[in-house]
Number of protein chains: 2
Amino acid sequence: MESLKPSTETLILDAAQAVFLEKGLAGARMQEIADRAGINKALLHYYFRSKEKLSGIIISRAIGVIMPRMMGVLETDQDLFEKIRNVVNTFISFMSHNSYLPLFMVNEVNRNPQFFFTAAIQQEKPHLDKFCRQVDEAVAQGRIRPISSTQLLMNMMSMLVYPFLGKPIFRVALGLTEEAFQEEMERRRTDVADFIIKSIEA
Amino acid sequence: MESLKPSTETLILDAAQAVFLEKGLAGARMQEIADRAGINKALLHYYFRSKEKLSGIIISRAIGVIMPRMMGVLETDQDLFEKIRNVVNTFISFMSHNSYLPLFMVNEVNRNPQFFFTAAIQQEKPHLDKFCRQVDEAVAQGRIRPISSTQLLMNMMSMLVYPFLGKPIFRVALGLTEEAFQEEMERRRTDVADFIIKSIEA
DNA sequence: AATTGGTTTAACCGTGTGGTTAATTTTTCG
DNA sequence: CGAAAAATTAACCACACGGTTAAACCAATT
């Protein structure tokens, strides 16, 4: 039941992640990271020399957490429809527990595209090819209607990610309470997959 | 052919908009806004007392530009399918000329949800009701398959907005050149509407 | 020409920020 | 133990930032 006190390093990294994701890169303060980690600001620089170095590590970590998970699901040998259901479900589960991540990622990737590029390469180039080929084959075999695999992928990712980014807009525009919004998100676990499959089935 | 030199005020507002959208609220510097407007920093505060006031105006302006346009299309009396095609087309056109806007809006709305709330209310509450009712009726009449209008709206908005936010990710993940990406976005003008309609038609 | 009122500027101010230094405490280990 | 190494802190620094001040400029009016 008792938990070993975590190392200062992980204490810092966890605090840094929290602050960076909440406030954004430019809005995050080293002092706040130190405070939340319960340490001195100088110690922060002792472990991670600069804000830039620290944020770089956090970004890499974030990419490293989500990319393998997504790619893992996309590269299985499942049937296409089954795979789509699986991707949707996996993604919504993950995002529900990391709801700050999309905004942070999307920001960083737009302010500094090359960073994502190198970070992505570094941990094996994402293999979307397999998924795309699977779609193309299904089209060729007439199992689904003709559709560009690129467009399908864009559509799927959009419907998975955007609701987490636009949540405040949706809540205002649709007049949803926090609970009501959560319920809608739960429905999406099945509804988004249905929506996609209905659209592409022959 | 000759253009009257614009007033200092609009000079400032245009510069402010450019800087805020490029760098984000926290990343924007009053000095840079002044420089780009070709004026002194003190003059900036002479016209708009503080950074907060200035950013507030820019945000309101941004919301005021996009909301009426979207609502205008959503509130017409067109046939549902025709309206969907219209919304998709209008939105992609607009975003293509304001590609920095989504990231800025999504950021601001997440850091300060209540601001969007008041700003949206102020210029007439968005009337999504009409669109939602139209969907519900179409379902009731069996013209389209049973689907929640909320979910449909989320899906549509997601597929419209997210590609502009995730552009760098998509470009890397799919290995697209700038031109190739633009071509894909052009295809979306018709493809997204097709994708939606195929999914919901009875 | 002098007055007035709006506009613009150079110089400045207080503060918060990322980062450093030197000293102190804690740990490691012969 | 006691010395070397690592971890931690208080105090500090330079500078960039948002914001202010007081003086100068400029056009219009009398």
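Bear in mind the structure is a predicted one, so any value in this text is a computation, not a measurement. Values reported hereafter were calculated over all heavy atoms of this structure, with side chains retained and with hydrogens, waters and symmetry mates removed. Proteins come first, then strands; the chains are lettered A, B, ... in the order of their sequence lines, and each starts at number 1.
- Separating the CZ atom of B:R29 from the P atom of C:dT17 is a distance of 11 Å, rounded to the nearest angstrom.
- Remark: C1' of C:dG16 and NZ of B:K51 are 13 Å apart, rounded to the nearest angstrom.
- Not one N or O on the side chain of B:K41 forms a donor-acceptor pair closer than 3.5 Å with the backbone of B:E32.
- Residue contacts shown for A:Y46 include a base, since a base heavy atom lies under 4.0 Å away.
- Distance, A:L43 CG to C:dT26 P: 14 Å, rounded to whole Å.
- When atom types are taken as modelled, the side chain of A:R189 and the backbone of A:V88 share no donor-acceptor pair closer than 3.5 angstrom.
- In this structure, A:N40 and B:A42 both approach DNA chain D, and ranking their closest nucleotides by distance from the 5' end singles out A:N40.
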Dump the intermediate steps for side-chain contact (heavy atoms from CB on, under 4.5 Å) on A:F195 and A:R188, then the final yes or no.
CA-CA 9 Å; A:F195 190 86; A:R188 288 181 77 72; over 6 Å; no

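- At whole-Å resolution of the value, CD1 in B:I12 and P in C:dT8 are 8 Å apart.
- In this structure, CD of B:Q31 is placed 14 Å from C1' of D:dC15, rounded to the nearest angstrom.
- Formation of a donor-acceptor pair under 3.5 Å by the A:N112 side chain with backbone atoms of A:E108 is not found in this model.
- Atom pair A:H45:NE2 and C:dA22:P shows a separation of 17 Å (rounding to whole Å applied).
- The closest donor-acceptor contact from the side chain of A:K83 to the backbone of A:V73 lies at 3.5 Å or more, if one exists at all.
- Taking atom CD1 of B:I39 as the reference point, atom C1' of C:dT8 lies 9 Å away to the nearest angstrom.
- For B:T8, no side-chain nitrogen or oxygen approaches OP1 or OP2 of C:dT7 to under 4.0 Å.
- Using a 4.0 Å heavy-atom distance criterion, B:Y47 is classed as a sugar-phosphate-only contact.
- With hydrogens and angles left out, the side chain of B:K41 and the base of D:dG19 share a donor-acceptor pair within 3.5 Å.
- One atom, CZ of B:F48, and another, C1' of C:dT7, lie 14 Å apart when rounded to the nearest Å.
- Within 4.0 Å of A:A28, counting heavy atoms only, lie sugar-phosphate atoms of the nucleic acid but no base atom.
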